[in-house]
2 protein chains.
Amino acid sequence: MARRKIANTLALAVLGLLMERPMHPYEVASTLRERHKDSSFKITTGSLYDTVAALARHGWIEPVETGRDGKRPERTVYRHTELGHREFVAWIDELIRTPGGDYPKFMAAVSYLGALTPQAAADALTERAELLQQRINEMAQVLEATVGAGQLPRLFMIEGEYAQHVWRAELSWTRRIAAEIHDGTLRWPDA
Amino acid sequence: MARRKIANTLALAVLGLLMERPMHPYEVASTLRERHKDSSFKITTGSLYDTVAALARHGWIEPVETGRDGKRPERTVYRHTELGHREFVAWIDELIRTPGGDYPKFMAAVSYLGALTPQAAADALTERAELLQQRINEMAQVLEATVGAGQLPRLFMIEGEYAQHVWRAELSWTRRIAAEIHDGTLRWPDA
DNA sequence: ATCCTTATAGTCGGATCCGACTGAAGGAGG
DNA sequence: CCTCCTTCAGTCGGATCCGACTATAAGGAT
């Protein structure tokens, strides 16, 4: 199984937007933010231009025109290619199909939870729980204002539902472990 | 809030092991694998040596000796410093305390689920569900063989419980959406 | 004795990533 | 009509990441 030539998911986002219509990179970034896709993709200007260059290098997208609008800075508009379209679909299929390949930071930290004292651990977990609850609420508001208000088909914000579902699971685990530390169910081995 | 000097969680793993006793990089890698920590940390030899170098550069660890065992290749043993210890604890606290900062690939792909046909999407989700179930089972076996058999205190494999909990949530969501596609609850807008 | 595989230990070059920066245009306030 | 702030559009240098590679030694098979 040959490794994917481009791994960065920001490239997926770019490709996805270019399926709709040609755009220049800056426009891609602002459109993604408008659509609240910035919690699915890490958008930094630096990587954006590198990513676009990589996509062009591999022939997944190509420049259409290098023009200027009024006296604004010059900019390059890109569109997707046939190859880009095929790769886009295949990539999504693969990402959906095969789990893993992610190493979440929280899991790394939990591996060394024992490095904190029981009190510190419980405290940190409790704060995490509050922040998770906040995120869940914020996402609920976004969903309400878009899908709920009939502004957008549900499929276009389905990742929001996914995020909520997973965050709720994280929340319940976090609360449970904090509780287990308090009531002594989860023991700290004395080393 | 000044950004953390070292972001790679592999550094966290290295630091964590060096808290126990001094080791050389290769030994760190093999010990992590023995302990099944390779699903929490992405361990590649390339990054390992860079990471160790970065840790040393920042004074979080320091070389103890550069010796050789028999006629084996030369190797450098490192130990943690006081500073390294403090940063280790502070880093874990921060990672536990503040959620987010992760952009899971699956969420990215789900954002463009609509790029697949309903049938293809349902099919990919179904395969994902099977693979997730497999992972959950594998983790159950690891937990059984270590914590279950009394080989290890529960706290030392607690990230396994976390992983299982989250994977189960992913699994239920994945199955539900596949079902909703089949029964037409989740509509594909005709573009 | 010789060959082959696996384990030990690490190097290196190219790709990627991203924070900090530049520079021009339009708008708001005095 | 001058200054300051924000938005637009992108560049760049340095840090990081990691797959592919080297080289030696032990352990088995032939």
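Residue numbering restarts at 1 for every chain, and letters A, B, ... go by the order of the sequence lines.
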Would you please classify the geometry between the A:Phe41 ring and the B:Tyr112 ring as parallel, tilted or perpendicular, with 30° and 60° separating the classes?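 Aromatic pair B:Tyr112/A:Phe41 classed tilted.
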
Check whether any side-chain nitrogen or oxygen of [X] sits under 4.0 Å from OP1 or OP2 of [N], and answer yes or no.
| X | N | result |
| --- | --- | --- |
| A:His24 | D:dG10 | yes |
| A:Arg75 | C:dA24 | no |
| B:Tyr49 | C:dG10 | yes |
| B:Arg57 | D:dT16 | yes |
| A:Ser47 | C:dC17 | no |
| A:Tyr26 | D:dC8 | yes |

For [X] and [N], give me the distance from atom [atom1] to atom [atom2], rounded to whole Å.
| X | N | atom1 | atom2 | answer |
| --- | --- | --- | --- | --- |
| A:Lys5 | C:dG14 | NZ | C1' | 12 Å |
| B:Leu48 | D:dA20 | CG | P | 18 Å |
| B:Tyr78 | C:dA9 | OH | P | 14 Å |
| A:Leu10 | C:dG19 | CG | C1' | 15 Å |
| B:Met23 | C:dG10 | CE | P | 13 Å |
| A:Ile6 | D:dG19 | CD1 | C1' | 17 Å |
| A:Lys42 | C:dT16 | NZ | P | 17 Å |
| B:Asp50 | C:dC17 | CG | P | 16 Å |

Using a strict 4.0 Å threshold on nitrogen-to-oxygen distance, state whether A:Glu180 and B:Arg154 make a salt bridge.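 Salt bridge: yes.
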
Using salt bridge (Lys or Arg N to Asp or Glu O under 4.0 Å), reason through B:Glu94 and A:Lys105 one step at a time and then give a plain yes or no. CA-CA 11 Å; B:Glu94 185 189 313; A:Lys105 296 183 185 191; over 6 Å; no

By the 4.0 Å heavy-atom rule, please label A:Ser30 as base, sugar-phosphate, or nothing.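 It contacts nothing in the nucleic acid.
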
Which one, D:dG10, C:dT11, C:dG19, comes nearest to the side chain of B:Thr45?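 Looking only at side-chain atoms, B:Thr45 lies closest to C:dT11.
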
Indicate every side-chain donor-acceptor pair of residues 45-61 of chain A with a distance under 3.5 Å to a residue at least two apart or in another chain.
from    : atom 1 : to      : atom 2 : distance (Å)
A:Ser47 : OG     : A:Thr44 : OG1    : 2.5
A:Thr51 : OG1    : A:Asn8  : OD1    : 3.3
A:Thr51 : OG1    : A:Ser47 : O      : 2.7

Does either side chain, that of A:Gln133 or that of A:Asn137, offer a donor lying less than 3.5 Å from an acceptor on the other one?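 Judged by distance alone, the side chains do pair up.
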
C:dC17 base to A:Asn8 side chain: any donor-acceptor pair below 3.5 Å?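 In this structure, the two groups form no donor-acceptor pair.
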
